[in-house]
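Here's the structure we're looking at; comments come further down.
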Amino acid sequence: MEADHAYAFASDNTSGIAPPAWAALQEANASTVGSYGDDPYTEEACQRLREFFEHDALQVFFVFNGTAANALALSAICQGYHAIIAHEKAHIMTDECGAPEHFTGGAKILPCPGEHAKLTPAVVENAVAKRRDLHFPKPRALSLTQATEFGTTYEKGEMEALSQCAQSLGLRVHLDGARFTHALVHHDLSPADLSWRVGVDVMSLGLTKLGAGVGEAVLFFDADLAQEFDYRCKQAGQLASKMRILTATWCGLLRDDAWRALATEANAKATQLRQRLGEIPGIELLFPTEANAVFARFPAIVHEGLQAKGWHYYELAGVGDARLMCSWATTQDHIDAFISDVNALIDR
Ligand SMILES: *Cc1c(COP(=O)(O)O)cnc(C)c1O
């Protein structure tokens, strides 16, 4: 196997920084500007995000990663005695080492089931209805992920129904948008139409998996929720001194709609990978591919053979169930080599 193939599908952050982000970073690196976000790149990134979301009052805070964005965003809407409703496969539930609980001072995540890693209003209502007494944490937040951990997406109507349900139950809506741009291009909808216009109060927006290097943004559509949030970020060790190193890459991805081409490319590669795996007898595909992920169930001999050949992938949906991620850096060669290895291993 060629050296760079082993991690090609392991994650969408095994890729490097995408060319538009890299070019903007190089430009920012050549200048001496103010620190801690007092610089033209951070100002441009904030302004571009306000335009991107068609929201003049959007409050923007940059942090180092998605765990920090989620945990701090949730800490702005939850006290320690609150509960957060989330899917049982949600990143905040399974992959953040208790950071949301820690930064909210104890809020309890209530993990809920749902096909394709998606929640429904019925499931949310059920989670809230189970306990309404003083002896149980009070549900305060609904956290959704778009695109989901299983590479599926919420339709606009599904988001609307969920946020209406949240509102009627007194829950604020948080969106984990680590792959928000991938969901946007899948639905061909505007950022506003999949966020604040469908009831999202605060979101974590990640561009790292799309093609930035480091950093996520916490975005408040309701400015009241953002009060003193800058102090939360600083106290949590999330204020970058050379902020432009982070925000310049965001400028590069937001200029000229560069994000759109990258997300489209990543999704298209996943679609191709899925289609070609689907043509191989004995391979079961697990969820719809609506973003940049493909989940496949390989016969044991194929799974073991792929491991032996050195391919890396996570088994997030179950043992032997491969999660294969595509990104801007996925090449035709990566796909051809993987398919050829699967074909060679399949027992016909
Ligand atoms: C990758 C990812 C994050 C961010 O994770 P970090 O490693 O903390 O940056 C958040 N949510 C989801 C759904 C993710 O896939």
Side-chain angles (χ1 to χ4, degrees), residues 7 9-18 21 61-75 84-103 109 111-112 114 116-119 141-154 159 173-184 186 194-195 200 202-219 233 236-238 240 246 249-250 253 262-263 266-267 270 287 289-295 312-317 322-329:
Y7 286 89
F9 302 108
S11 170
D12 33 5
N13 49 36
T14 58
S15 61
I17 297 175
F61 301 86
F62 292 98
V63 295
F64 289 109
N65 62 21
T67 299
N70 286 336
L72 292 170
L74 289 163
S75 78
I84 300 159
I85 301 192
H87 194 276
E88 59 197 6
K89 294 291 184 185
H91 200 269
I92 61 164
M93 177 66 205
T94 64
D95 283 302
E96 300 192 352
C97 194
E101 293 91 329
H102 178 70
F103 282 97
I109 301 178
C112 296
H116 300 160
K118 286 164 69 173
L119 295 175
L142 170 63
S143 182
L144 303 169
T145 310
Q146 178 81 304
T148 73
E149 285 76 4
F150 283 176
T152 58
T153 60
Y154 289 98
M159 289 294 296
V173 180
H174 165 253
L175 188 69
D176 177 347
R179 298 186 184 90
F180 186 66
T181 51
H182 302 85
L184 286 179
H186 173 73
L194 269 187
S195 61
V200 174
V202 53
M203 78 178 281
S204 310
L205 176 64
L207 297 187
T208 305
K209 286 161 179 159
L210 177 78
V214 64
E216 290 216 5
V218 179
L219 307 173
C233 293
Q238 293 293 323
L246 192 166
T249 59
W250 283 54
L253 295 174
L262 297 171
N267 286 6
F287 312 111
T289 291
E290 299 176 341
N292 58 331
V294 179
F295 284 78
H312 288 259
Y313 50 76
Y314 285 99
E315 296 159 67
L316 297 187
R323 185 199 70 164
L324 306 165
M325 301 302 302
C326 294
S327 75
W328 69 272

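Read the numbers this way: they start at 1 and go in the same order the structure lists the ligands and their atoms. Numbers here are sequence positions counted from 1.
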Which bit of T67 gets closer than 4.0 Å to ligand 1, counting heavy atoms only: side chain, backbone, both or neither?
both

CG of N267 to CD of E290: how many Å apart, nearest 0.5 Å?
10.0 Å

Look only at interatomic distance and state if G66 has a nitrogen or oxygen under 3.5 Å from any nitrogen or oxygen of ligand 1.
yes

F287 and F295 aromatic ring geometry - parallel, tilted or perpendicular at 30°/60° bounds:
perpendicular

I need the atoms of ligand 1 closer than 4.0 Å to a non-hydrogen atom of A178, numbered in the order shown.
2 (C), 3 (C), 10 (C), 11 (N), 12 (C), 14 (C)

Taking distance alone, with no angle check, do T145 and ligand 1 share an N/O pair under 3.5 Å?
no

List for me each residue that meets salt bridge (Lys or Arg N to Asp or Glu O under 4.0 Å) alongside D176, sequence neighbours excluded, and say none if there are none.
none

Best match, H91, E216, K209: closest heavy atom to atom 2 (C) of ligand 1
K209

K118: which residues meet the salt bridge (Lys or Arg N to Asp or Glu O under 4.0 Å) condition with it, sequence neighbours left out?
E158

Backbone or side chain, does any N or O of E149 fall under 3.5 Å from an N or O of ligand 1?
no

Go through ligand 1 atom by atom and flag the ones less than 4.0 Å from a non-hydrogen atom of R179.
15 (O)

Check whether the ring centres of H312 and Y7 lie less than 6.0 Å apart, and answer yes or no.
yes

Between E149 (side chain only) and H91 (backbone N and O only), is there a donor and an acceptor less than 3.5 Å apart?
yes

Starting from atom 11 (N) of ligand 1, find the nearest protein heavy-atom neighbour and note its residue, name and distance.
D176 OD2, 2.6 Å

